[in-house]
A.B. asks: 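Handing you this structure, nothing more for now.
Throughout, protein chains are lettered first and strands after them, A, B, ... in sequence-line order, and every chain is numbered starting at 1. It should be emphasised that the depicted structure is a prediction, and the values quoted were computed from it without experimental measurement.
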Number of protein chains: 2
Amino acid sequence: MAITIYDVAREANVSMATVSRVLNGNPNVKPETRRKVKDVIERLNYKPNAVARGLASKKTKTVGVIIPDISDLYYSAVLRGLEDIAEMYQYQIIITNTDNDAKKEKNAFETLLSNQVDGIIFLGGTDDQKIIDNIQRSNTPVVVCGYSKETSINRVNANYRDAIARIVEGFIERGNKKIAYVQSGYHSVLETLLADKICEVLEEHNISKDNMFEFSANTYEEGIELFNKIHEIKADAVIAISDEVAGGILHGTLDMNVKVPEELEIISCSNTRIAYMMRPKLSTIAVPLYDIGAVGMRLLTKIMNNEEVDEKVTMLPLKINYAKTTRV
Amino acid sequence: MAITIYDVAREANVSMATVSRVLNGNPNVKPETRRKVKDVIERLNYKPNAVARGLASKKTKTVGVIIPDISDLYYSAVLRGLEDIAEMYQYQIIITNTDNDAKKEKNAFETLLSNQVDGIIFLGGTDDQKIIDNIQRSNTPVVVCGYSKETSINRVNANYRDAIARIVEGFIERGNKKIAYVQSGYHSVLETLLADKICEVLEEHNISKDNMFEFSANTYEEGIELFNKIHEIKADAVIAISDEVAGGILHGTLDMNVKVPEELEIISCSNTRIAYMMRPKLSTIAVPLYDIGAVGMRLLTKIMNNEEVDEKVTMLPLKINYAKTTRV
DNA sequence: TTGTAGGCGTTATCAT
DNA sequence: ATGATAACGCCTACAA
C-alpha cells in the first residue's frame, strides 16, 4: 500500500488538512509546522496521488494532444514546442494518433474528456463538422494548431495564403507559367484554399488558372514517381505541401536530368529538417513549427487559467526560405 | 456539472451499482435491465469519469513514456509502434521529453508514478544508476526500449553488436583499414560497447585497434563539419550512430569531391526515413524502429496484466541495408 | 493557525 | 439479480 496524506499527518502529529495545506503552498501554516510536515514528507518519501487530487479538485494538470501522426516530422516538431511549454507550466501531456481519420479524432476527443484533461490541443486542424460541434459544446478549453474553417475556435496558425501568394508572384515574375500544386492525399480545407489562392494570383496576372495543375502525394517515394507526371505536363514550377514529397520530386529530377532550379523551381510548405538535408537544399516556407506548438500551448494555459485572451485566432507571420531549388 | 453514474441510476430506476455493472460488462445483470440502463446512458450521453474510476479501481489504463526527444525521427518512429499497440489495448499514453538529461528522467519517472500510470516505458535506454534503482524499487511495471546495463530490467532492443561486427568484417574484407566511429554527444553505454566491439573485430583480424577513430556529432550540420576531420585522418570507412549525422558526412564528401563509396564507405545505425532520402542512399542497419515500440508495449501489457513473460530481454534481429554508400 | 467533515465519481464487498 | 455502503486519496469549506 502506497503511503498517503494520512500517514504523513499521523507522523507529523497534525491533521491531514494541514498536510494538504503545506502540499499546496497555502500560506496559513505556521512556519514551524510547515517544517515539521515537510520533514516527514521527505522522510517517508511521500508523493501525492495525482488521481485522487484530480478527483477532488477537478483539475488534473493534464492536457490532451490529438495529432495525425506523431512520426511525421512536421507534427513532432510542433509537439516539441507544445511539450516544452507544457513542462514549464507543469502540465502532463496525453497524446493520441489519428491518422487523419475523423472517427478516430472524435474518439480521441471523447476519451480525453473522460480522462478529465484540463485542455485539449488539436494538431493539424479540423474540418469535420461533428468534431467542430463537439469542440464548441465542450466546457474543456480547446486550441487548434492549424487551420479550421470555424472562426469561433481558438487557434494558432501561420499565414500560408500570403506566403503562397508571394511565391506565385515570384514565379510569375521569373516567367514561370505552369505551376504544379502537390497536396497531401487528405485534401484538407486549407489545401483547397491554397489551390484557390494560386488560381487567384494567376488570374490577377491575367494568366488562366488552367495553368495550375493539382496532384497529390504523401511520401518521398510517391514524390519521385510523381515527377514523371509533372515532367509530362511541362510544369516549370512546383509547390508541394510536404517537404518529403518535394524531396522526392527533387530527386526525380536528378533521374531525368532536369536541372533545378533552371528548368524547374521547387518549393515546399513544411519546413522540416528534411528541407535542408536535401542537395540542393529545398526552398521552403519557413513555417515556425516549434513556435506554433509553443504559442498554442501558451494560449491554452491562459484559457485554462481564465486569463484574458485577446484574439481567438493567432496568425504567425511566415517568411520564405529561398534556398537552392528556386531561382532567387 | 457533468452527468454521473447517479443520474443514470435515477433515470433508469436502478441502483448505481447496477449501472456500474453494466458499464463494466458484469454478466450478473438481467438482459432487460441492461438494455434499460444502456438506453439511459445513450440518452444522457453519459461518459464515465476515468479519474474517479482510476481512484476506485487503482487502474488508470494509462502508461507513461519517457523519451529523450520526440522530434527525433528515431524515437518518434518507435513511439508510433508503442502508440498503435497501446491503442489496441485501450491504454492512454502520457509522454515526457528528457533531452537525455538524467535529472529530467528521474523527475519524469516520479511524476508518472504520482499520476498512477499502470506502466512506464523508457525509450533510448538508461544508464543512470539512480534511475535503475528507482525502476527496480517501483511496483509499477517498466519496460526499456533500448539498451541498459542492468540485466534484471525488462527490455526490448536490437542486436547492434552482432550487426556492427558483421559490418566491420565487411569493411576489412574490402580492404578498409581506418574506421571512423561517430557517436552521439551523449556517450551512452551502448555506444561505448559498440566501440569496444569494433576494436575487438579489428584485433581478431590482426589489425590494431588504433585504426578506429572516435568522433561525436549530433546533427546534420555537425556531420558536414565533421567530415573534414574524417578526411584528415584518411579514414576509409565511417560508422555513424545517427542517420542525420551520416547524411551530413555524406554531403560533406560531395563538397570535397570524395567519392562515396569508392573512396569512403559510410553506414549508419538508425534506419530512419532520412536514410533513403539521401542521394546516394545511405547504407544502414535496418533497425526495426516501429517493431521495437510495438513489441515493447506488448510486453508491458503482458506484465501489467500479470501474464507470463518468458524472457526479461527481447533482442530483435537486425539486418543490414546495404544501399549506395557501401561497396557491397 | 489548525482540525473536522463532507464531497469528488467510481469500484467493490456484502447483504438481500 | 440488485441494492446499500464503504472505500479510494485528496481538497475545501466551515468551525474552532
Side-chain angles (χ1 to χ4, degrees), chain A residues 1-38 40-41 44-62 110-111 113-118 139-140, chain B residues 1-38 40-41 44-62 90 92 110-111 113-118 139-140:
Chain A
M1 200 80 299
I3 115 162
T4 76
I5 206 173
Y6 278 101
D7 303 316
V8 177
R10 182 168 19 81
E11 290 287 313
N13 290 313
V14 296
S15 75
M16 50 163 303
T18 301
V19 179
S20 178
R21 286 190 191 98
V22 329
L23 242 33
N24 296 295
N26 186 316
N28 293 332
V29 181
K30 208 196 318 181
E32 194 191 316
T33 316
R34 184 184 304 277
R35 259 261 58 77
K36 197 171 53 176
V37 172
K38 282 201 165 170
V40 175
I41 288 179
L44 301 187
N45 191 28
Y46 164 76
K47 308 282 178 203
N49 179 325
V51 173
R53 214 174 226 188
L55 183 59
S57 69
K58 296 182 165 289
K59 295 264 168 240
T60 55
K61 278 296 208 173
T62 288
E110 287 174 354
T111 306
L113 288 184
S114 109
N115 275 84
Q116 316 300 118
V117 294
D118 296 339
N139 302 311
T140 307
Chain B
M1 199 80 299
I3 115 163
T4 76
I5 206 172
Y6 275 103
D7 303 315
V8 177
R10 183 169 17 81
E11 291 286 314
N13 290 312
V14 296
S15 75
M16 49 167 302
T18 300
V19 179
S20 178
R21 286 190 191 98
V22 173
L23 245 31
N24 296 294
N26 185 317
N28 295 331
V29 181
K30 209 195 318 179
E32 195 191 317
T33 317
R34 183 183 305 277
R35 258 263 55 78
K36 197 172 50 175
V37 172
K38 282 200 166 172
V40 175
I41 288 179
L44 301 187
N45 191 28
Y46 163 76
K47 306 282 177 204
N49 178 325
V51 173
R53 210 172 231 189
L55 183 59
S57 70
K58 298 182 166 288
K59 296 265 169 237
T60 55
K61 276 293 202 175
T62 287
Q90 314 243 58
Q92 297 298 111
E110 287 174 355
T111 307
L113 288 184
S114 108
N115 275 83
Q116 316 300 119
V117 295
D118 295 340
N139 302 312
T140 307

A.B. asks: Taking the minimum atom-to-atom distance to the side chain of M16(A), which one of dA12(C), dC11(D), dG9(D) wins?
C.D. replies: dC11(D)
A.B. asks: Check whether any side-chain N or O of T18(B) sits under 4.0 Å from OP1 or OP2 of dG3(D), and answer yes or no.
C.D. replies: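 Answer yes for this pair, as a side-chain N or O of T18(B) is under 4.0 Å from OP1 or OP2.
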A.B. asks: Calculate the interatomic distance between I5(B) atom CD1 and dA12(C) atom P; express it in whole Å.
C.D. replies: 11 Å
A.B. asks: Give the rounded distance in Å between these two atoms: CZ of R35(B) and C1' of dA1(D).
C.D. replies: 18 Å
A.B. asks: To the side chain of R53(B), which of dC11(D), dG9(D), dT11(C) is closest?
C.D. replies: dT11(C)
A.B. asks: What is the distance from CD1 of I41(B) to P of dT10(C), rounded to the nearest Å?
C.D. replies: 10 Å
A.B. asks: If you assign each of R21(B) and K47(B) to its closest nucleotide in DNA chain C, which residue comes earlier from the 5' end?
C.D. replies: K47(B)
A.B. asks: If you check every side-chain atom of A52(A), which of dT2(D), dG9(C), dG9(D) has the closest atom?
C.D. replies: dG9(D)
A.B. asks: Using only side-chain N and O atoms of Y6(B), determine if any of them is under 4.0 Å from OP1 or OP2 of dG7(C).
C.D. replies: no
A.B. asks: Where the side chain of K30(B) is concerned, which of dA1(D), dG3(C), dC10(D) is the nearest nucleotide?
C.D. replies: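 Per side-chain heavy atoms of K30(B), the pick is dA1(D).
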A.B. asks: Given dT11(C), is OP1 or OP2 found less than 4.0 Å from the side-chain N or O atoms of S20(B)?
C.D. replies: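 Yes, S20(B) has a side-chain N/O under 4.0 Å of OP1/OP2 on dT11(C).
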A.B. asks: Send over the distance from N13(A) CG to dT2(C) C1', rounded to a whole Å.
C.D. replies: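 Atom-to-atom, N13(A) to dT2(C), this comes out as 13 Å.
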A.B. asks: Are the side chains of T62(B) and N115(B) in touch, meaning some heavy atoms are under 4.5 Å apart?
C.D. replies: no
A.B. asks: When the distance from CG of N28(B) to C1' of dT11(C) is rounded to whole Å, what number comes out?
C.D. replies: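 Taking CG of N28(B) and C1' of dT11(C), I get 15 Å after rounding.
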A.B. asks: Between S15(B) and dA4(D), does any side-chain N or O lie under 4.0 Å from OP1 or OP2?
C.D. replies: no
A.B. asks: Got a donor-acceptor contact below 3.5 angstrom from the T60(A) side chain to the Q116(A) backbone?
C.D. replies: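 Yes; at least one donor-acceptor contact below 3.5 Å.
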A.B. asks: Once you round it to whole Å, what is the distance between P of dC10(D) and NZ of K61(A)?
C.D. replies: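 From K61(A) NZ to dC10(D) P: 18 Å.
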A.B. asks: Between I5(B), D7(B), L23(B), which is the residue that forms a side-chain contact (heavy atoms from CB on, under 4.5 Å) with M16(B)?
C.D. replies: I5(B)
A.B. asks: In whole Å, I'd like the distance from the CG atom of N24(B) to the P atom of dA12(C).
C.D. replies: 7 Å
A.B. asks: Could you tell me whether a side-chain N or O of N24(B) sits under 3.5 Å from a main-chain N or O of N26(B), the two making a donor and an acceptor?
C.D. replies: no
A.B. asks: Of the candidate nucleotides dT2(D), dG9(D), dT2(C), which contains the atom at the shortest distance from the side chain of K58(B)?
C.D. replies: dG9(D)
A.B. asks: Are I41(A) and V22(A) side-chain neighbours, meaning at least one heavy-atom pair lies under 4.5 Å?
C.D. replies: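 Sidechains of V22(A) and I41(A): in contact.
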A.B. asks: Ignoring the backbone of A56(A), work out which of dG9(C), dC10(D), dT1(C) is nearest its side chain.
C.D. replies: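 Ranking dG9(C), dC10(D), dT1(C) by closest atom to the A56(A) side chain puts dC10(D) first.
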A.B. asks: OP1, OP2 of dA12(C) versus side-chain N and O of S57(B): anything below 4.0 Å?
C.D. replies: no
A.B. asks: Measure CG/D7(A) against P/dC8(D) and give the value in whole Å, please.
C.D. replies: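 Interatomic distance, CG of D7(A) to P of dC8(D): 11 Å.
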A.B. asks: What's the spacing between R35(B) CZ and K38(B) NZ if we round to 0.5 Å?
C.D. replies: 7.0 Å
A.B. asks: Any base atoms under 4.0 Å from V14(A), or only sugar-phosphate, or nothing? Heavy atoms, all strands.
C.D. replies: sugar-phosphate
